[in-house]
> 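My questions will all concern the structure given below.
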Amino acid sequence: MALYFITDQPQALLEAFEARVRQSEPRGRIDIWKRSEDGALYTHAADEWSGKAWLKPRVDADRLTFNILRPEDRYVSVKAYAFYYGQLIETFTGQLDLTFESVAVTPRCTDGDLWA
């Protein structure tokens with residue numbers, strides 16, 4: 001599954017998301033997502049969902065793409081797919097809505113999804 005945020009400034013959109021995740025000031029901070037130790041991936045911060053899947057951002061010419069990376073020890077359930085992508089869409093539309101034109105999601109695995 002992939003999630004595409006269509007924008008003419010995909011790098012700026014990713015940087016805005018990353019800045020809000022790292023931000024210490026509560027107002028405007030995105031606190032439902034946390035970064036991996038290496039800073040390359042995102043997972044949900046809630047204990048129930050943390051580590052169930054990872055989202056890997058990729059900057060393309062006309063979009064910011066997020067692909068799923070499954071944990072080493074388990075598969076990503078359909079429920080987890082739906083939750084992660086639903087939460088990411090809610091995050092972007094609720095806090096970064098002026099930085100992209102539209103969003104699209106694929107219902108099945110696609111290029112860029114990683115099954116380590």
> How would you list, by chain and number, every residue that makes a salt bridge (Lys or Arg N to Asp or Glu O under 4.0 Å) with Asp62, sequence neighbours excluded?
none
> Could you pull out all residues at least two apart from Asp8 that satisfy side-chain contact (heavy atoms from CB on, under 4.5 Å)?
Glu101
> For residues 19-26, which side-chain N or O atoms pair as donor and acceptor with protein atoms under 3.5 Å away, sequence neighbours left out?
{"unit_1": "Arg20", "atom_1": "NH1", "unit_2": "Gln95", "atom_2": "O", "d": "3.2"}
{"unit_1": "Arg20", "atom_1": "NH1", "unit_2": "Gln95", "atom_2": "OE1", "d": "3.3"}
{"unit_1": "Gln23", "atom_1": "NE2", "unit_2": "Glu25", "atom_2": "O", "d": "3.0"}
{"unit_1": "Gln23", "atom_1": "NE2", "unit_2": "Arg27", "atom_2": "O", "d": "2.7"}

> Return yes if some donor-acceptor pair links the side-chain N/O of Ser50 with the main-chain N/O of Ala46 below 3.5 Å, else return no.
no
> Working to the nearest 0.5 angstrom, can you tell me the gap between Lys79 NZ and Trp49 CH2?
5.0 Å
> Taking all atoms of both residues into account, what is the closest heavy-atom pair of Gly51 and Pro71, and its distance?
O-CG, 3.1 Å
> With sequence neighbours left out, what residues match Thr91 under side chain to side chain donor-acceptor pair (under 3.5 Å)?
Trp33
> Identify, with sequence neighbours excluded, every residue that meets side chain to side chain donor-acceptor pair (under 3.5 Å) alongside Trp54.
none
> Of all residues at least two apart in sequence or in a different chain, which pass the side-chain contact (heavy atoms from CB on, under 4.5 Å) check with Asp47?
none
> List in chain and number order the residues that pass side-chain contact (heavy atoms from CB on, under 4.5 Å) with Pro10, two or more places apart in sequence or in another chain; answer none if no residue qualifies.
Thr7, Val59, Leu64
> Any idea which heavy atoms bring Ser36 and Asp38 closest together, and the distance?
OG-OD1, 2.5 Å
> Drop me the distance from Leu98's CG to Leu13's CG, to the nearest 0.5 angstrom.
11.0 Å
> With no hydrogens and no angle check, do the side chains of Tyr42 and Glu18 hold a donor and an acceptor under 3.5 Å apart?
yes
> After noting the C-alpha distance and the side-chain angles of Leu88 and Phe17, does the key distance pass the side-chain contact (heavy atoms from CB on, under 4.5 Å) rule?
CA-CA 10 Å; Leu88 195 61; Phe17 175 65; 4.1 Å; yes
> Got a second to check how far Asp97's CG is from Phe92's CZ, nearest 0.5 Å?
11.5 Å
> Taking side chain to side chain donor-acceptor pair (under 3.5 Å) as the test, write out the residues that go with Thr43, two or more places apart.
Tyr84
> Let me see the working for Leu55 and Leu69 under side-chain contact (heavy atoms from CB on, under 4.5 Å), right down to the final yes or no.
CA-CA 6 Å; Leu55 298 176; Leu69 171 63; over 6 Å; no
> How many angstroms lie between atom OG1 of Thr99 and atom CD of Gln9, to the nearest 0.5 angstrom?
9.0 Å
> Excluding sequence neighbours, so at least two apart, what forms side chain to side chain donor-acceptor pair (under 3.5 Å) with Ser77?
none
> Calculate, to the nearest 0.5 Å, the distance between atoms OH and CD1 belonging to Tyr75 and Ile68 respectively.
15.0 Å
> Under the ring-ring contact (aromatic ring centres under 6.0 Å, His included) test, which residues partner Phe100, sequence neighbours left out?
Phe5
> How long is the gap from CD on Glu48 to NE2 on His44, to the nearest 0.5 Å?
9.5 Å
> Would a 4.5 Å heavy-atom cut-off, applied to side chains only, mark Ile32 and Gln87 as touching?
yes
